[in-house]
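I have placed the structure first, in the form of structure tokens, so that the comments after it can refer back to it.
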Amino acid sequence: MSTAEAASHLRENPFGLAKSQLRRVGEIFELDPNLIRVLSQCKKAVEVSVPVAMDDGSIEVYLGYRVTHNIARGPSKGGIRYHPDVTLDEVKALAMWMTWKCALMNLPFGGAKGGVICDPKTLSAKELERMTRRYTSEIINDIGPERDIPAPDVGTDGRVMAWIFDTYSMNKGHSVLGVVTGKPLSVGGSLGREEATARGSLYCIQALMVKNGERLSDSSVVIQGFGNVGANLARLLHLEGAKVTAVSDSLGGVYNPNGIDVPAAIAHKQERGTLLGLANAEQVTNEELLELPCDILAPCALEQVITEENASRVQAKIICEGANGPVTPTADAVLEDKGVLILPDVLANAGGVVVSYFEWVQGLQEYFWREDEVNAKLHDIVARAFEEAWHAKAHYDTSLRMASYGLAVRRVAEATTTRGLYP
Ligand code: GLU
């Protein structure tokens, strides 16, 4: 963001928004209000203090969370976020969205999320490792292959997952591959996991193009966020012949209406840690980037970047939510009136958790698949979910978001009813 990073990116309470979305889904899909009340709350939320010895000899104490929203369909699944703006309510909202995402993909998982309030960019590798290991040991009784399985999210990566895997395994006395996904290949990761979220987004965009009778090679794309999701999506769309006209990271964006040289942008970011200064492109702020003319806009960074304040100025025809919750419900309504089609987060960015599921299965079986097998299975799952959501959208005459959430909530509600309320 161009403005001070210190101000939180969250204007509205994300858990409040997630709950209001759920109530709306309950109305459209005529679900039992008792069940909606049950699903409105998180099953468990753990808050832990994470003291860390810093390199300079001082001790810093971080606050960490792990929230399980629901386990009706299986162990809970969801990433761990390291970011200065993390709040308990944000983690709860993200955990709830994971429940819907896993159910929409028909994975045998419930939803969870974790977070530590910290700025990983300012920590040394050793500090990050000590923080991760202490956080893991604080939540060690809450996670496990049959219980709750973390993965990467904003601010975490394969290296962090390897420390979680090692800390958990050292405490158990043997390697437990299924405790965490998004691990590096050398310690039981899955081929294709790194780019899986972006690949899932690509499959959704391709499916939508077929429905609209349009071609990706005739489309222009603007991408906000150049982390794992944004950078891989830019790369994959560029390979498919789409014209990527703008990309950005937290420091700002670069724009060229004739197309950005995506491989050059990736190399530039790797070398300099920023996209700013990329050759043959003009500089834009993150706010300006969201309002650029384009066919497809993919917000792949944080929540609540498209709000009632800027929604009317969005020029894209399609929004692909690479991030979780980037469009607020008020903005949703404005965009719907404008005829913008939104590929919602639970559909558009589910590729990551789908391949996480594959990684978990491979780890439990100690039998690893080829990359083309992973991608083909990912395509099967995402394409089927897209078709189901597309059909529900027409059937209920609603948005693709409400259709996707509706299918998902209905599946979780059905599992809850079938199991019965304990005791
Ligand atoms: N953090 C990712 C998400 O929001 C991945 C979760 C996972 O693989 O468990 O979907």
Side-chain angles (χ1 to χ4, degrees), residues 14 18 65-71 73-83 86 90-105 107-116 120 139 143-145 147-158 160-161 164-165 177-184 188-190 192-201 203-204 225 227-230 232-233 299-303 320-326 343-363 374 377-378 381-382 385 404-405 408:
Y65 305 104
R66 185 72 189 171
V67 173
T68 290
H69 170 253
N70 188 277
I71 57 163
R73 292 170 46 90
S76 52
K77 186 85 191 81
I80 291 172
R81 174 171 295 203
Y82 288 172
H83 194 275
V86 164
E90 180 193 37
V91 180
K92 284 183 174 178
L94 292 163
M96 185 188 277
W97 288 328
M98 282 311 299
T99 303
W100 313 146
K101 199 185 295 186
C102 292
L104 182 64
M105 296 297 125
L107 307 180
F109 289 139
K113 205 80 171 199
V116 177
I139 60 167
I143 59 174
R147 190 176 287 244
D148 176 25
I149 306 132
D153 197 81
V154 174
T156 57
D157 55 15
V160 172
M161 299 307 118
I164 297 174
F165 160 67
L177 289 181
V179 67
V180 64
T181 59
K183 300 184 293 299
S190 174
R193 175 62 185 86
E194 184 108 5
E195 63 169 42
T197 310
R199 187 167 279 283
S201 304
Y203 293 157
C204 287
N228 173 289
V229 186
N232 274 309
L233 186 59
C300 299
L302 294 168
E303 308 97 304
C320 174
E321 294 188 329
N324 293 312
L343 286 163
D345 44 13
V346 292
L347 179 63
N349 71 38
V353 74
V354 171
V355 178
S356 273
Y357 167 54
F358 297 160
E359 182 177 331
W360 179 73
V361 168
Q362 293 171 80
V374 170
K377 287 184 167 72
L378 170 63
I381 290 182
V382 171
S404 303
Y405 281 42

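The basis for the numbers below is simple: all heavy atoms, side chains too, and nothing from hydrogens, waters or symmetry mates. All values derive from a computational prediction rather than experimental measurement. When a ligand or atom number is given, it counts from 1 through the structure's own listing order. Residue numbers start at 1 and run along the sequence shown.
- The protein non-hydrogen atom at the shortest distance from atom 9 (O) of ligand 1 is K77 NZ, 2.8 Å.
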Show, in sequence, the C-alpha distance, side-chain angles and deciding distance for S76 and N70, and conclude whether the side chain to side chain contact (heavy atoms under 4.5 Å, CB included) test is met. CA-CA 7 Å; S76 52; N70 188 277; over 6 Å; no
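- The shortest contact between atom 8 (O) of ligand 1 and any protein heavy atom is with S356 OG, 2.6 Å.
- At a 4.0 Å cut-off, at least one heavy atom of P152 sits close enough to ligand 1 to count as contact.
- At a heavy-atom distance under 4.0 Å, only side-chain atoms of K113, from C-beta outward, approach ligand 1.
- Proximity of T197 to ligand 1, defined as any heavy-atom pair under 4.0 Å, is not found for any part of the residue.
- Near D153, with a cut-off below 4.0 Å to any heavy atom, the atoms of ligand 1 are 1 (N), 2 (C), 4 (O).
- Contact check on K113 versus E90 returns no salt bridge, with no Lys/Arg side-chain nitrogen under 4.0 Å from an Asp/Glu carboxylate oxygen.
- Nearest heavy atom pair, residue V353 against residue K77, reads CG2-CG, 3.7 Å.
- The heavy atom nearest to atom 5 (C) of ligand 1, out of those in M161, R193, M105, is found in R193.
- No part of A350 comes within 4.0 Å of ligand 1, judged by heavy-atom distances.
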Walk me through it: do R147 and T68 pass the test side chain to side chain contact (heavy atoms under 4.5 Å, CB included)? CA-CA 10 Å; R147 190 176 287 244; T68 290; over 6 Å; no
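- Ranking protein heavy atoms by distance to atom 7 (C) of ligand 1, first place goes to A151 CB, 3.3 Å.
- Looking at K101 next to ligand 1, an N or O pair under 3.5 Å apart turns up.
- When all heavy atoms are compared, the tightest approach of V346 to A350 is O-CB, 3.3 Å.
- Short contacts between ligand 1 and G79, defined as distances under 4.0 Å to a heavy atom of the residue, involve ligand atoms 1 (N), 6 (C).
- A distance-only check finds no donor-acceptor pair linking the side chain of R199 to the backbone of G351 [under 3.5 Å].
- Contact between S201 and A348 at its shortest, heavy atoms only, is OG-O, 2.7 Å.
- Not one N or O on the side chain of D157 forms a donor-acceptor pair closer than 3.5 Å with the backbone of P152.
- N324 and E303 make their closest contact through O-CG, 3.1 Å (heavy atoms, listed as atom of the first residue, atom of the second, distance).
- Between I149 and ligand 1, no pair of N/O atoms sits closer than 3.5 Å.
- Taking every heavy atom of M98 and a limit of under 4.0 angstrom, the matching atoms of ligand 1 come to 3 (C), 4 (O), 6 (C), 10 (O).
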Going through the distances and angles, do K101 and D345 end up as a salt bridge (Lys or Arg N to Asp or Glu O under 4.0 Å)? CA-CA 8 Å; K101 199 185 295 186; D345 44 13; over 6 Å; no
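- Here E359 has no heavy atoms under 4.0 Å from ligand 1, in either its backbone or its side chain.
- Those atoms of ligand 1 that come under 4.0 Å of a heavy atom in G78, given as number and element, are 9 (O).
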